[in-house]
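Report on the structure given below.
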Amino acid sequence: QVQLVESGGGAVQAGGSLRLSCTTSARTFSSFIMGWFRQAPGKEREFVAGISYGNSRTNYADSVKDRFTISRDNTKNTVYLQASSLKPEDTAVYYCAAGQTYRIYVPRKPEDYDYWGQGTQVTVTS
């Protein structure tokens, strides 16, 4: 079973930054497509950003483009989400996800990911 562990969440004022990390001990991590999703109370889980196996392709939700950056370090089995210029509407539980199916693109749908972390809370205050 693949386990993902997120860290780096917390409370920040609007305009501030956070860096989220997601680490797994899975041997095949480097072959996974990795993504970040978020879910606010009363809302569906939504795609935030994703990255391909070799850090060559990325995909971002329109709401976070030019503010968030996803990256990965396969030697550390870790994917990162650098979230800058945070807004109150970014407040949510952020989930790390891993997809084991090979794709030439980075998917946006939750059902295209196979493993999930427990989530880390991000709270942005006005």
Side-chain angles (χ1 to χ4, degrees):
Q1 184 177 356
V2 175
Q3 296 185 15
L4 307 174
V5 180
E6 302 99 333
S7 63
V12 63
Q13 292 185 343
S17 300
L18 289 171
R19 189 179 79 158
L20 308 184
S21 299
C22 173
T23 300
T24 181
S25 60
R27 184 176 298 174
T28 57
F29 172 81
S30 62
S31 68
F32 290 168
I33 293 175
M34 301 297 298
W36 287 95
F37 291 75
R38 66 188 183 187
Q39 188 167 23
K43 296 185 177 181
E44 296 181 353
R45 189 168 298 188
E46 65 176 355
F47 174 81
V48 177
I51 188 166
S52 64
Y53 311 98
N55 199 26
S56 61
R57 296 185 299 279
T58 57
N59 199 349
Y60 295 94
D62 289 341
S63 59
V64 305
K65 284 183 178 178
D66 301 320
R67 298 192 299 119
F68 290 14
T69 301
I70 188 170
S71 61
R72 68 190 295 164
D73 185 344
N74 290 336
T75 67
K76 298 180 179 180
N77 289 355
T78 300
V79 63
Y80 305 94
L81 184 69
Q82 178 68 44
S84 301
S85 300
L86 285 162
K87 305 174 181 179
E89 50 263 45
D90 294 320
T91 296
V93 177
Y94 283 69
Y95 297 91
C96 178
Q100 64 183 3
T101 300
Y102 175 80
R103 304 177 191 274
I104 62 172
Y105 65 97
V106 178
R108 291 171 170 258
K109 298 180 179 179
E111 55 264 38
D112 289 329
Y113 292 82
D114 305 291
Y115 308 102
W116 295 84
Q118 296 300 304
T120 184
Q121 177 71 47
V122 172
T123 302
V124 184
T125 59
S126 301

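At distances below 3.5 Å, at least one donor-acceptor pair connects side-chain atoms of Tyr113 with backbone N or O atoms of Pro107. Arg108 contributes a side-chain N or O that, together with a main-chain N or O of Tyr60, makes up a donor-acceptor pair within less than 3.5 Å. A side-chain donor-acceptor contact under 3.5 Å links Arg67 to the backbone of Ser85.
Between Cys22 and Met34, the closest heavy-atom pair is SG-CE, 4.3 Å. Across every non-hydrogen atom of Ile70 and Trp36, the tightest pair is CD1-CD1, 3.6 Å.
Counting heavy atoms from C-beta outward, Asp73 and Tyr80 have side chains that approach closer than 4.5 Å.
For the atom pair Glu6 CD and Thr24 OG1, the distance stands at 10.5 Å (nearest 0.5 Å). To the nearest 0.5 Å, atom CZ of residue Phe32 and atom CD1 of residue Ile51 are 15.0 Å apart. To the nearest 0.5 Å, atom CG of residue Asp112 and atom OH of residue Tyr105 are 5.0 Å apart. For the atom pair CG (Leu81) and OG1 (Thr69), the distance works out to 8.0 Å, reported to the nearest 0.5 Å.
Between the side chains of Thr23 and Thr78, at least one donor N or O lies within less than 3.5 Å of an accepting N or O. Defined by atom type and a distance below 3.5 Å, a donor-acceptor pair is present between the side-chain atoms of Asn74 and Arg72.
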Name each donor-acceptor pair under 3.5 Å that joins a side chain in residues 9-20 to protein atoms two or more places apart or in another chain, with its distance.
unit_1 : atom_1 : unit_2 : atom_2 : d
Ser17  : OG     : Ser84  : OG     : 3.4

Mind listing the side-chain donor-acceptor pairs of residues 93-101 below 3.5 Å, one per line with the distance, residues two or more places apart or on another chain?
unit_1 : atom_1 : unit_2 : atom_2 : d
Tyr94  : OH     : Arg38  : NH1    : 2.9
Tyr94  : OH     : Asp90  : O      : 2.6
Gln100 : OE1    : Tyr115 : OH     : 3.1

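Annotation for Gln118: atom CD does not count as buried by contact number, only 12 or fewer foreign heavy atoms lying within 6.0 Å. Around atom CD of Glu44, no more than 12 heavy atoms belonging to other residues, nucleotides or ligands sit under 6.0 Å away.
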